[in-house]
Amino acid sequence: MFRSVLCIFALILRVSLAYEDKTIVQYLADNGYTSLSRNLQSQGLNTPLSGTGPFTIFAPTDAAFAKLGNKTFSSAQLTNILKYHVVTDYLIIPMIKTPSNLTTLEGQDLMVQPIPGTLLLNNASRVITGNNDIICNNGVVHPIDTVLVPPELPTYTIAQVLLNDSRFADLNIALLIAGMTNILQSGDFTLFAPVNTAFATYQGSVLSPETPNAIAIYQAVLKYHVTPGGRRATQLKNNQALFTLHGVNLNITVNNGVTVNSVARVIDSDILCSNGIIHAVDHLLIPPDINQVASGNMP
Ligand SMILES: *[C@@H]1O[C@H](CO)[C@@H](O)[C@H](O)[C@H]1NC(C)=O
Ligand SMILES: *[C@@H]1O[C@H](CO)[C@@H](O)[C@H](O)[C@H]1NC(C)=O
Ligand SMILES: *[C@@H]1O[C@H](CO)[C@@H](O)[C@H](O)[C@H]1NC(C)=O
Ligand SMILES: *[C@@H]1O[C@H](CO)[C@@H](O)[C@H](O)[C@H]1NC(C)=O
Ligand SMILES: *[C@@H]1O[C@H](CO)[C@@H](O)[C@H](O)[C@H]1NC(C)=O
C-alpha cells in the first residue's frame with residue numbers, strides 16, 4: 001500500500017526513488033548512522049519508530065553529530081532533539097516546493113525551505129544530496145549535515161521551575177514532606193502540578209503532616225501526578241490512560257482543553273523543563289486506593 005502510493009508520487013513528480021524493504025530504524029542501523037542509531041536506542045525511540053508510521057526522519061550523519069563537539073544534553077533534552085528530527089508523514093524532497101513549517105514529533109515546528117537541489121532546515125542544516133529520499137517500509141530517510149536543535153530547549157528541571165513559581169508553593173512543601181524533590185531533578189516526566197488553591201480543599205483532611213503514615217500518603221498522592229515521558233497538551237488524547245509513578249492510571253479527557261480524572265482541569269499547559277513538561281491543574285488528584293495507603297495496608 002505504502003509502496004504503491006509512493007510509486008504514484010514518483011510517476012507524478014517524475015523522480016526515481018530508492019526503496020528499501022526495512023523500517024527506517026533498520027535502515028539507519030545498516031547504513032552507518034552509528035550515533036543516531038545509538039541515541040535512538042538509548043532514548044527508547046527505536047520501538048515507536050519501527051511502528052507503522054509513516055515517518056519522515058531527517059537523519060544527522062555521524063559527521064553531523066561530531067560537529068556538536070563536547071556539547072552535552074540531559075536525557076530529556078536528547079529525546080526532544082531526536083523527536084525534533086521526525087515528522088509523522090512521508091515527505092519526499094520534490095514535494096516541498098515552497099517554504100513551510102512542519103510539525104515535528106517533538107511538538108515544535110521545523111522550518112523547511114527548498115533551495116537549488118536540496119532543502120534547508122531551520123536555516124541551519126541541509127539535506128545531503130545524492131542519497132536522499134530513501135523510501136523504507138514505514139517512512140522516508142533524508143540524511144542531513146547538521147543536528148537540529150529545537151528553538152525552545154529548556155535548561156531548568158521540573159523541581160527548579162516549581163521552586164521558582166509561587167503558584168506552586170503548596171506543591172513544593174508537599175514534595176518536601178514526601179521527600180520527592182530529587183525524583184523531579186532528573187528523568188523524563190509529565191507532571192500535573194496542582195496550584196495552591198487545589199491544595200486548600202485537602203489540607204487538614206487527606207493531607208495532614210501529623211497523621212500516621214503521612215509520608216506514605218503524601219508520596220502516593222504526589223506520585224499519582226507524575227507520569228513517565230514528557231507529553232505536551234497536544235500529545236494527550238481523549239480517553240487516554242496514563243501510567244503514573246504511583247502505579248495506578250490517570251484518565252485523560254480532551255474536550256475544550258484537557259481534564260484529568262474528570263476533576264482536574266489543565267489551566268496552564270506546556271511549561272517545558274529540561275527533564276519533562278509541567279501542566280498546571282486546578283484540582284488535586286487523589287489515588288483511588290488512598291484509604292489503603294492511609295491504613296498502612298499497601299502491598
Ligand atoms: C569544549 O570545547 C571547546 C571548544 O572546542 C573548549 O573551548 C572547551 O574548553 C571544551 N569544554 C569542555 C568542558 O571540555
Ligand atoms: C514558519 O514559522 C516561523 C516562526 O513562527 C515564521 O517566522 C515563518 O514565517 C513561518 N514560515 C512559513 C512558511 O509559514
Ligand atoms: C537565514 O540566514 C540568512 C543568512 O545568514 C539570514 O539573512 C536570514 O535572515 C536567515 N533567515 C531566518 C529566517 O533566520
Ligand atoms: C525564575 O523566574 C524568572 C522570572 O520568570 C526567570 O527569569 C528565571 O529564569 C527563572 N529561573 C528558573 C530556575 O526557572
Ligand atoms: C479510569 O478509567 C478506568 C477504565 O475506564 C476505570 O476503571 C478507572 O476507575 C478510572 N479511574 C478514575 C480515577 O476515574
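We count ligands from 1, going down the list as the structure has it; atoms in each ligand are counted the same way. Small disclaimer: the values here were computed from a predicted structure and weren't measured. The first residue of the sequence shown is numbered 1, and numbering continues consecutively from there. No hydrogens, no waters, no symmetry mates; every other heavy atom, side chains included, goes into these values.
Between Asn251 and ligand 5, a contact under 3.5 Å exists for at least one N or O pair.
By the rule that hydrophobic residues join a cluster once side-chain heavy atoms approach within less than 4.5 Å of another member, Val25 and Leu36 end up as members of one cluster.
Within 6.0 Å of CZ in Arg232 there are more than 12 heavy atoms belonging to other residues, nucleotides or ligands. Other residues, nucleotides and ligands place more than 12 heavy atoms under 6.0 Å from the CG atom of Leu176.
Protein heavy atoms are absent from the space less than 4.0 angstrom from atom 9 (O) of ligand 5. Within the 4.0 Å cut-off (strictly below), no protein heavy atom is located near atom 5 (O) of ligand 2.
Ranking the protein heavy atoms by distance from atom 13 (C) of ligand 5 puts Asn261 ND2, 3.4 Å first.
For ligand 2 and Pro99, the ligand atoms under 4.0 Å from any heavy atom of the residue are 13 (C). Shown in contact with Tyr224 at under 4.0 Å from a heavy atom are these atoms of ligand 5, numbered in order with element: 13 (C).
For Phe58 and His85, the ring centers sit 6.0 Å or farther from each other.
Of the listed residues (Asn122, Val112, Asp109, Asn101), the one carrying the non-hydrogen atom nearest atom 3 (C) of ligand 2 is Asn101.
Shown are Val140, Val141, Ile24; of these, the side chain to side chain contact (heavy atoms under 4.5 Å, CB included) with Ile135 is made only by Val140.
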* May I have the step-by-step check of ring-ring contact (aromatic ring centres under 6.0 Å, His included) for Phe192 and His225, ending in yes or no? => CA-CA 5 Å; Phe192 295 100; His225 290 74; 8.0 Å; no
